[in-house]
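Take a look at the structure below.
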Protein chains: 2
Amino acid sequence: MTQARERGRPRGFDSEAALDRAVEVFWRHGYEGASLSDLTDAMGINRPSMYAAYGNKEELFKRAIARYAEADMAYAREALAAPTAYQVIERFLRANADALTRADRPHGCLSIQGGLAAGSDGGTVAGFLAASRLAGEAALVARLARAVDEGDLPAGTDPAALGRYVMVVSEGNAVHAAAGVGRDALHTTVDIALAAVPRRPGDTTTPA
Amino acid sequence: MTQARERGRPRGFDSEAALDRAVEVFWRHGYEGASLSDLTDAMGINRPSMYAAYGNKEELFKRAIARYAEADMAYAREALAAPTAYQVIERFLRANADALTRADRPHGCLSIQGGLAAGSDGGTVAGFLAASRLAGEAALVARLARAVDEGDLPAGTDPAALGRYVMVVSEGNAVHAAAGVGRDALHTTVDIALAAVPRRPGDTTTPA
DNA sequence: TCATTTCTGTACCGATCGGTACTGATGTGG
DNA sequence: CCACATCAGTACCGATCGGTACAGAAATGA
């Protein structure tokens with residue numbers, strides 16, 4: 001895949017690795033709270049290098065979000081592959097609770113604490129994050145709709161409502177995790193939340 | 001209650017009314033995103049008046065949170081007065097869904113979008129808000145513990161876990177509301193969430 | 001009337017914000 | 001070796017940040 005060597009002086013840093021550092025800074029301080037000095041210090045590069053590589057702060061943030069979605073949210077895509085709707089939901093909420101409380105990462109969810117309120121800008125960043133979260137919700141809803149078609153969920157089940165409920169639980173857990181609530185407590189919340197998820201009559205996997 | 005007139009020049013603005021304007025600015029832009037110019041413009045006063053009356057930005061924010069908790073979260077205290085645990089939870093989540101989507105207020109919850117991540121400061125504001133939210137959770141948990149004692153909830157019920165679950169749902173709904181999701185959708189989520197709440201055997205109020 | 005007290009308003013402070021001009025270093029192709 | 005292209009680093013830009021000094025206005029008590 002390594003095509004012909006570029007012409008001028010080669011870049012002195014790994015663009016993806018630097019992005020990982022930026023993810024962590026945005027995650028910990030939010031979009032507004034993360035200054036360019038914070039970012040470039042953590043990334044190990046100086047300002048002009050950052051601007052040359054990513055454009056500006058907002059573009060860097062979008063790239064960071066994309067990397068976050070790809071790396072730190074991989075569990076969500078994996079959960080969607082579970083055989084039954086109940087297992088999709090359970091695996092998602094369990095893996096989410098773990099991801100929200102990793103020791104080597106900030107607690108909580110970058111997509112939420114990156115920026116909820118409309119900051120100094122006109123809410124561009126908050127809107128971008130909201131759209132990103134709702135896209136994830138749409139993917140889950142699509143999976144649940146398929147489950148209804150397959151008879152895996154009761155006929156009357158509203159996949160949009162159920163998917164939204166699951167995302168609400170995950171977001172609420174993210175807020176709790178950001179407040180310092182521990183992993184066990186999040187899983188206990190998942191225990192209760194799962195009681196509201198309809199199951200196929202014969203399904204008795206992992207009873208509460 | 002109006003004690004002896006103060007000595008010097010009287011204050012030219014209503015301190016509580018100005019605080020209400022500050023609440024709205026913090027709510028809409030978050031703590032960091034709300035600049036002093038935003039705040040003083042909305043409050044209709046100038047900078048030195050603000051500093052004389054409230055101390056500094058952080059103290060103003062804490063006063064705004066206190067006013068928010070008293071005025072905009074009154075529904076939570078009212079819900080705690082409901083006769084049964086189920087009704088406490090249902091009234092809280094219903095009123096919460098309405099409060100998160102008031103037409104005359106920013107959508108969402110100030111306690112959350114005020115600041116989730118540790119911003120430029122060392123997370124002082126985020127920690128303050130987190131403590132404030134957890135205090136509300138503790139009040140709900142205390143009410144649910146009483147319900148267990150009264151036989152209003154099944155004997156084995158963990159009031160801390162159930163209270164946390166309810167707060168998680170309300171926080172998740174707040175994140176959704178901040179993203180622009182409408183009131184009806186929030187209530188549909190509450191419909192599902194209530195299915196996980198244990199009820200006393202004979203209780204059949206407001207079935208789903 | 002006048003000193004005293006408190007508030008209002010302007011004008012300003014140093015620090016930091018996001019962003020960039022410019023010089024020099026380091027690579028490639030000829 | 002040389003022209004060219006790209007990156008690294010310093011040093012800087014105007015704007016805005018939270019916070020304040022200071023002078024004048026408006027009340028009180030004597």
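So that the names make sense, note that chain A is the first sequence line, chain B the second, and so on, each numbered from 1.
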Practice task
Flag the pair B:Glu58 and B:Lys62 as a salt bridge only when some basic side-chain nitrogen lies within less than 4.0 angstrom of an acidic carboxylate oxygen.
Solution key: yes

Handout entry: d(OH, A:Tyr54; P, D:dA8) in whole Å
Key = 10 Å

Exercise for the section: Examine distances only and state if a side-chain atom of B:Thr188 and a backbone atom of B:Asp184 form a donor-acceptor pair shorter than 3.5 Å. Expected result: yes

Practice task
Check whether any side-chain N or O of A:Ser49 sits under 4.0 Å from OP1 or OP2 of D:dC7, and answer yes or no.
Solution key: no

Handout entry: Quiz item: A:Arg9 side-chain donor-acceptor pair to D:dA5 base, under 3.5 Å
Key = no

Exercise for the section: State whether B:Arg91 and B:Glu78 are salt-bridged, where the test is any N-O pair (Lys NZ or Arg NE/NH1/NH2 against Asp/Glu carboxylate O) under 4.0 Å. Expected result: no

Practice task
Rounded off to whole Å, could you give me the CZ-to-C1' distance for the B:Arg47 and C:dC12 pair?
Solution key: 11 Å

Problem - For atom CZ of B:Arg11 and atom C1' of C:dT5, their distance in whole Å - result: 14 Å

Completion exercise
Quick note, B:Asn46 side chain, CB onward, closest among D:dG18, C:dG19, C:dG9 is C:dG9

Problem - Donor/acceptor link under 3.5 angstrom from A:Arg7 side chain onto base of C:dG27 - result: no

Handout entry: Spacing between A:Met43 atom CE and D:dC7 atom C1', to the nearest angstrom
Key = 15 Å

Handout entry: Residue mapping more 5' on DNA chain D - nearest nucleotide basis, B:Gly8 or B:Ala34
Key = B:Ala34

Fill in the blank from the handout: Testing C:dC17, D:dT20, D:dA26 for proximity to the side chain of B:Pro10, the answer is D:dA26

Handout entry: Value in whole Å for how far the P atom of D:dT20 lies from CE of B:Met50
Key = 10 Å

Handout entry: Spacing of B:Asp38 atom CG relative to D:dT16 atom P, expressed in whole Å
Key = 11 Å

Exercise for the section: Find which nucleotide of DNA chain D each of A:Phe13 and B:Glu32 is nearest to by heavy atoms, and output the residue with the more 5' nucleotide. Expected result: A:Phe13

Practice task
Taking only the side-chain heavy atoms of A:Leu36 (C-beta and beyond), determine which of C:dG18, D:dG19, C:dT20 contains the nearest atom.
Solution key: C:dG18

Exercise for the section: Over all heavy atoms of both residues, which pair between B:Leu194 and B:Leu93 is shortest? Give the atoms and the distance, please. Expected result: CD2-CD1, 4.3 Å

Problem - Electrostatic pair A:Arg94:A:Asp191 at N-O distance under 4.0 angstrom - result: yes

